[in-house]
Structures are given as structure tokens and as C-alpha cells.
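Below is one structure; the comments refer to it alone.
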Amino acid sequence: MEKLTVPQLFEQTARQLGDKVALRHKKYGLWHDTTWGNYYKQARNVAYSLLRLGLKKGEFVAIIGDNAPEWVIIDMGVQMIGGVSVGIYTTSSWEQMQYIINHAECKFIFAENEEQVDKWLQMRKSTPQVEKVIYWDEKGLKELEDPGLIAYPEFLKLGAFPDTKEEKKLEEISASIQPDDLAILVYTSGTTGPPKGAMLSHRNLIWTGKMIQEADPGNLVKYNDQVMSFLPLCHIFERLFSVYVHLTVGYTVSFVESPDTVPQNLREISPTIGYAVPRIWEKYYSTIAIKMDDAKPIKRWVYRQALKIGKAHARYSIQHKKAPLPLRLANFMVQKGVFYFLRQRLGMERMRLAISGAAPISPDVLRFFHAIGLKMIEGYGMTESSGIITISRLDSFKLGTVGQIVPNGEIRISEEGEIQVNHPGVFQGYYKNPKASAATIVDGWLYTGDIGEMDEQGFIRIVDRKKDIIITAGGKNIAPQYIENKLKFSPFINDAIIIGDRRKFISAIIVLDEDNVNKYAQDNKIQFSTYADLATHPDIIQLIDREVDKVNKQLARVESIRKFTILSKKLYEEDGEVTPTMKVKRRYINETYSELIEGMYH
């Protein structure tokens with residue numbers, strides 16, 4: 001299969017599945033289906049339209065918009081004509097968007113709506129290579145007459161009826177695309193500086209889609225599965241499941257209406273496979289915990305007794321051991337009589353598998369979901385590995401690990417503890433950045449920058465990012481992520497940033513979970529009007545102090561948090577504090593809040 005290109009695999013799957021539903025989206029309150037045959041036809045229409053506009057093989061096209069059928073149809077159309085698609089986060093400022101478009105020298109931009117078009121209008125003078133901006137949501141743009149803009153329906157009309165010469169031209173271009181040609185450019189989140197464009201080839205992406213299926217045949221992904229597309233499509237995690245694994249397996253992808261309707265759409269879709277970054281699973285856990293604490297006494301008692309049984313059974317199932325018969329019977333009863341209805345309220349009653357990826361998750365969160373009957377496993381990968389390095393299997397996973405290397409891959413731990421990997425998904429390097437490429441790929445091995453451990457069975461445990469390891473004044477190495485994940489298990493803590501490099505003790509910056517702390521304040525008659533009021537209120541500080549004490553009891557003395565400060569604001573991407581996938585930018589936090597940090601050590 002690695003000899004195929006993405007357009008060839010797409011054509012092959014579309015011909016095989018024809019009338020099977022490939023994509024679903026909601027419009028005017030109703031769900032609409034797109035078959036594989038129609039999906040392919042629309043993408044081909046995009047390719048012909050781009051051909052008429054003059055896009056040449058190897059040129060770059062930007063896509064910026066929320067998850068929608070148009071996004072993946074455009075993505076496929078660009079690759080059909082040998083172009084390279086470049087996804088951009090919708091939350092990017094116009095300056096960030098300008099950097100990527102100029103760095104990649106994008107010739108065309110596909111923008112979802114007025115908000116994204118406005119960003120281009122602000123930077124158009126500094127992006128002269130952009131020939132056209134095509135938008136697919138016309139609201140607010142119908143009256144705007146600009147030669148650089150074209151509505152998506154009008155764009156499609158350009159290639160709706162190709163002549164024989166154009167058909168032949170597209171076939172020639174398609175046949176000339178090679179597996180090692182560049183397919184997509186994925187810009188990293190930029191936690192330590194400007195984003196870098198990771199170059200991923202057709203071979204990289206097709207191999208990765210195939211390996212996710214082959215890692216645990218018939219268990220991880222199936223032909224009849226339903227998945228929900230809601231993570232940013234320009235991130236490799238969502239791109240894999242909404243595009244490349246999708247092309248390989250042929251299941252159905254349903255798109256959320258908007259980022260704000262995810263909980264509602266989840267209940268409507270009831271996907272059979274769920275995947276998300278840890279922050280989202282942690283939020284579901286904390287929401288359940290708070291709501292059940294607020295339930296009526298009898299309901300709260302039933303839930304707590306059921307959770308005790310579920311956790312007791314999970315201790316066996318997680319270790320792949322058979323629980324005693326009485327415990328199995330009790331667990332069967334609470335799953336059917338309690339947790340099924342809880343999962344149904346969430347839209348997870350059909351979910352036979354949940355995957356957490358993109359960052360380590362707290363083992364406590366994993367235990368909780370196993371206790372309520374949701375089989376959750378971890379995977380590990382990065383953009384530079386086409387999204388996958390290791391993955392857990394349903395029949396052989398270890399709590400606290402991210403699984404074993406995928407088939408046909410090699411993995412090793414360096415003397416410094418860095419995880420290094422070699423497999424066909426390793427990227428081609430960073431676009432226009434040979435220095436960074438040479439430092440990241442050495443003799444075919446990808447140097448991940450992650451510190452990890454590998455046991456005798458090949459299970460990998462992520463310790464932390466190499467650059468984030470804290471060395472205290474006493475010379476002790478501390479992995480901040482481990483402590484932070486324990487803190488974030490508290491329903492009242494949304495984020496935690498551990499401080500302590502070259503310091504005498506460990507401290508923490510705490511960001512409150514606003515919803516849950518708001519409720520706590522209301523229940524305890526604590527007066528407040530803003531988030532900042534909560535962050536400085538003595539009762540809330542005491543609440544967080546108790547949560548920190550709970551964590552300290554689980555830590556070694558050298559890891560214990562001696563002091564903490566509650567940040568008077570939440571962390572925002574637009575403020576440069578977190579990435580679009582909600583990873584904290586530690587360097588920025590340390591610089592921006594240096595006075596606050598120093599205050600904890602004086």
C-alpha cells in the first residue's frame with residue numbers, strides 16, 4: 001500500500017465503497033450524508049477548478065476553517081492535482097496566518113468565513129503571491145466585491161465541466177505524483193518559537209493510516225465504525241482519523257457543527273470510537289465528578305457505590321486478569337444499571353474504544369473511565385512521525401504507558417533517556433529549515449525530544465519533554481508533567497505549571513477550572529463577580545491548598561509543592577500562553593509571570 005499516493009488510495013476506496021456514507025454534517029437542523037462516490041466527485045471538481053486557476057504540481061494551498069466536509073474535500077482536491085495543502089488554525093491571528101502563508105508561499109487560500117477572510121484583507125499587501133481567496137461560508141461576504149475573492153460555489157463552477165484536454169491533463173498530473181512527493185505541510189504549534197513546517201509525504205501518511213489499523217487488527221478501527229471530527233483538522237491527530245485512517249478503513253466521519261456544539265453533537269452522533277487530547281478527557285471527568293457531588297443524596301450514594309465496584313473491577317481488567325465471580329456480577333449490574341445511562345447522557349454509550357493522545361494523561365483519569373465501562377487507551381506520536389510512534393492494544397496495554405512501537409517500526413532510548421524512532425512515517429524534515437531538520441533526523445532516526453523509559457516487553461512510558469525537565473538547586477531531576485497531571489486530576493484545577501529549575505524547592509502556578517470553582521463558590525455562598533475575584537478569595541485559596549496537599553501525599557519529598565500561586569486569569573492562545581491544542585508554552589509563562597514566580601521564592 002505504501003507504493004500508492006493519497007489520490008490513488010482515495011480513488012481506490014471510493015470505487016470500492018461507492019454508495020456507503022463517508023461524511024456526515026449537520027445543516028439547518030438536519031444531518032446530511034455524503035457517499036464515498038460523491039466525496040470523490042466533489043474533490044475531483046476542486047482539482048479541475050484549481051487546474052483552471054493555474055495551480056501547478058508542488059505549489060502550496062492554505063486551508064483555514066473549522067471542521068467541515070469542505071475542509072477535507074478541498075484537502076483531497078489539492079493533493080489530486082499534485083499540490084501541497086497547508087492547514088492553519090482558525091484561532092491564528094492575521095500575523096500568524098501571514099507568517100505561514102509567506103513561509104510556504106501559498107498561491108491560494110481557502111477560508112471558511114468572513115472572520116478568516118478579514119485576516120487576509122489585513123495582510124493582503126504583504127502576501128502578493130496569493131492569487132485568490134476562496135470562501136465557503138458566504139454570510140457577511142455576499143455584498144463584498146473584490147477581485148481577489150471568490151465564493152466556493154462559483155469556484156466549483158470553474159471545474160464542473162472539464163473538457164477532454166483538462167481530463168487528460170489531470171490524469172497525467174495524478175500519474176506523475178510519486179509516494180515520496182510532499183503531500184501536506186503541517187506547522188507545529190511553536191511552543192519554543194515560530195512554527196516549523198513539517199513535510200509529510202504520501203508514503204508517510206498512507207503508511208501511518210495502515211499501521212493504525214494493523215496495530216490491533218479488527219479492534220482499533222473497523223469498517224462500520226462512526227467517528228466524530230472536532231479537533232482542529234490542521235493538527236495531525238485529527239487529520240489521521242478524519243482523512244488517512246478514514247481512507248484506509250472506510251468508516252463514517254461526522255463533523256460537529258462548531259466547536260461550541262461538541263457536547264450536543266456527541267450525544268446526537270454517539271460515535272463508536274472516541275479520540276481526544278487529555279485536556280478534553282480531563283474536562284469530562286471533572287464535569288462528571290462535580291455533577292455527581294451535587295446530585296440528590298440517594299443518587300449520589302448509588303453513584304459512589306457503583307464507582308467503588310467499577311474501580312475494583314477495573315483493577316483486574318487493566319491488568320488483564322479475571323475478577324472474582326461476585327465482583328464480575330456486581331460490575332455487570334452497575335454497568336447496565338448505572339454507568340450505561342451516564343455514558344448515554346454523554347453520548348458515549350456506543351463507544352467501544354476511547355483513545356487519548358498528543359500528550360500524556362493522568363493514570364487516574366484512565367482508571368476512572370475504565371471504571372465506568374469505557375475502554376480507554378493511550379497512543380503516542382508527533383507531527384514529525386506522521387502522528388504515530390506507539391499505540392496500546394486492547395488486549396495488551398499497561399496503565400501509565402503509551403503502548404508499544406507500531407508494526408515495522410524501531411524504537412530505542414538514548415543514554416540521555418531520549419526516545420528515538422525509525423519507521424516509514426518519519427517526516428522529510430522542516431520546510432526551508434535544514435539546520436532544524438538535521439538536528440531532528442539523524443541517520444534516519446527521529447530524535448523526539450521526549451524523555452522516556454522502555455520495559456522488557458517494549459512498553460514505553462513518557463517521562464517529560466527533554467527541554468522541560470527541572471533540575472533543582474540540589475541537583476535532583478524532576479519531571480513536571482507527572483506532577484501537573486496529578487494536580488489536573490482535581491476537578492477544581494484546569495491547568496498547572498510546575499516551577500523549580502535551579503530552585504531550592506518546587507512551586508506551582510495554578511489555573512482554576514472556572515465552571516467547577518464557580519459552582520463551589522455558589523454552593524458555599526462565596527461572593528464574587530469575576531474570575532480574578534475567585535483567584536484571590538481566601539476560601540478558594542484554601543480549597544486549592546487542600547487539593548495540592550492531596551497531591552503532595554502521593555509525591556516524593558523532593559517533588560512536593562511547597563508554594564503555589566493561583567493565576568488571576570485563564571490561559572489563552574491569543575495571549576501566546578498556550579498552543580491551539582492547549583499545551584502550555586512554558587518559556588512564555590516563565591518570562592511573562594517572572595515577578596509572580598520570584599514572589600514565591602522570596
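Because the structure is predicted, anything quoted here is derived from the model rather than measured. Numbers for residues simply follow the sequence, beginning at 1.
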Report summary line: Those residues at least two apart in sequence (or on a different chain) that pass side chain to side chain donor-acceptor pair (under 3.5 Å) with Glu595 are none
Closest non-hydrogen atom pair between [X] and [Y], with its separation:
X      : Y      : answer
Val421 : His423 : CG2-CD2, 3.7 Å
Pro480 : Arg586 : CB-NH1, 4.0 Å
Phe230 : Ala276 : CZ-CB, 3.9 Å
Gln96  : Thr91  : OE1-O, 4.3 Å
Glu238 : Pro232 : CB-O, 3.3 Å
Pro195 : Thr188 : CB-O, 3.1 Å

Out of curiosity, [X] [atom1] to [Y] [atom2], how far, rounded to the nearest 0.5 Å?
X      : Y      : atom1 : atom2 : value
Ile451 : Lys467 : CD1   : NZ    : 11.0 Å
Thr90  : Glu112 : OG1   : CD    : 7.5 Å
Asp513 : Ile290 : CG    : CD1   : 7.5 Å
Ile509 : Ile597 : CD1   : CD1   : 4.0 Å
Ile544 : Thr565 : CD1   : OG1   : 12.0 Å
Asp464 : Asp450 : CG    : CG    : 8.5 Å

Query - Step-by-step side-chain contact (heavy atoms from CB on, under 4.5 Å) determination, Ile498 to Ile561 - result: CA-CA 8 Å; Ile498 293 299; Ile561 302 154; 4.3 Å; yes
Query - Asp118 and Gln122: CA distance, side-chain angles, deciding distance, side-chain hydrogen bond (donor to acceptor under 3.5 Å, both in side chains) verdict - result: CA-CA 6 Å; Asp118 281 345; Gln122 287 181 278; over 6 Å; no
Looking only at atom types and distance, does a side-chain atom of [X] sit under 3.5 Å from a main-chain N or O of [Y], one as donor and one as acceptor?
X      : Y      : value
Gln481 : Arg465 : no
Thr530 : Asp533 : yes
Glu547 : Ser490 : no
Ser392 : Glu378 : yes
Asn524 : Tyr520 : yes
Ser386 : Gly425 : yes
Asn552 : Ser560 : no

Decide yes or no for [X] and [Y]: does some side-chain heavy atom of the first lie under 4.5 Å from some side-chain heavy atom of the second?
X      : Y      : answer
Ile88  : Tyr187 : no
Phe492 : Ile540 : no
Met454 : Phe459 : no
Ile493 : Leu512 : no
Gln420 : Glu418 : yes
Tyr284 : Val365 : no

Just checking [X]: does its [atom1] atom have more than 12 heavy atoms from other residues, nucleotides or ligands closer to it than 6.0 angstrom?
X      : atom1 : answer
Gln527 : CD    : no
Lys476 : NZ    : no
Arg502 : CZ    : no
Arg345 : CZ    : no
Lys283 : NZ    : yes
Lys299 : NZ    : no

Query raised in the report: Could you go step by step and tell me if Lys519 and Gln522 meet the side-chain hydrogen bond (donor to acceptor under 3.5 Å, both in side chains) rule?
Result: CA-CA 5 Å; Lys519 188 179 182 312; Gln522 291 164 7; over 6 Å; no
Requested in this report: Would you check, one step at a time, whether the test side-chain contact (heavy atoms from CB on, under 4.5 Å) holds for Val256 with Met228?
Outcome: CA-CA 7 Å; Val256 296; Met228 185 178 83; 3.7 Å; yes
Requested in this report: Tell me, with the steps shown, if Ile63 and Val86 meet side-chain contact (heavy atoms from CB on, under 4.5 Å).
Outcome: CA-CA 6 Å; Ile63 310 172; Val86 183; over 6 Å; no
Any donor-acceptor pair under 3.5 Å linking the side-chain atoms of [Y] with those of [X]?
X      : Y      : answer
Asp545 : Gln542 : no
Gln344 : Arg350 : no
Glu514 : Asn494 : no
Tyr430 : Glu384 : yes
His235 : Tyr89  : no
Asn331 : Gln335 : yes
Lys398 : Gln319 : no

Requested in this report: Taking the six-membered ring for Trp and the single ring otherwise, decide whether the centroids of Tyr531 and Phe528 are under 6.0 Å apart.
Outcome: no
Report task. For the residue pair Phe339 and Tyr303, categorise the inter-ring angle as parallel (less than 30°), tilted (30 to 60°) or perpendicular (more than 60°). Result -> perpendicular
Report task. Take Glu349 and Ser270 through the test side-chain hydrogen bond (donor to acceptor under 3.5 Å, both in side chains) and record every step on the way to the result. Result -> CA-CA 7 Å; Glu349 76 278 9; Ser270 292; 3.0 Å; yes
**Report entry** Tyr593/Leu567 under side-chain contact (heavy atoms from CB on, under 4.5 Å): CA gap, chis, key distance, verdict
**Finding:** CA-CA 9 Å; Tyr593 300 105; Leu567 209 59; 3.8 Å; yes
Query raised in the report: What pairs meet the ring pair (Phe, Tyr, Trp, His ring centres under 6.0 Å) rule with one or both residues in residues 356-375, with sequence neighbours excluded?
Result: Trp281-Phe369, Tyr285-Phe368, His370-Phe397
Report task. Show your working on salt bridge (charged side-chain N to carboxylate O under 4.0 Å, His left out) between Arg279 and Asp495 and close with a plain yes or no. Result -> CA-CA 9 Å; Arg279 174 66 62 84; Asp495 243 319; 2.4 Å; yes
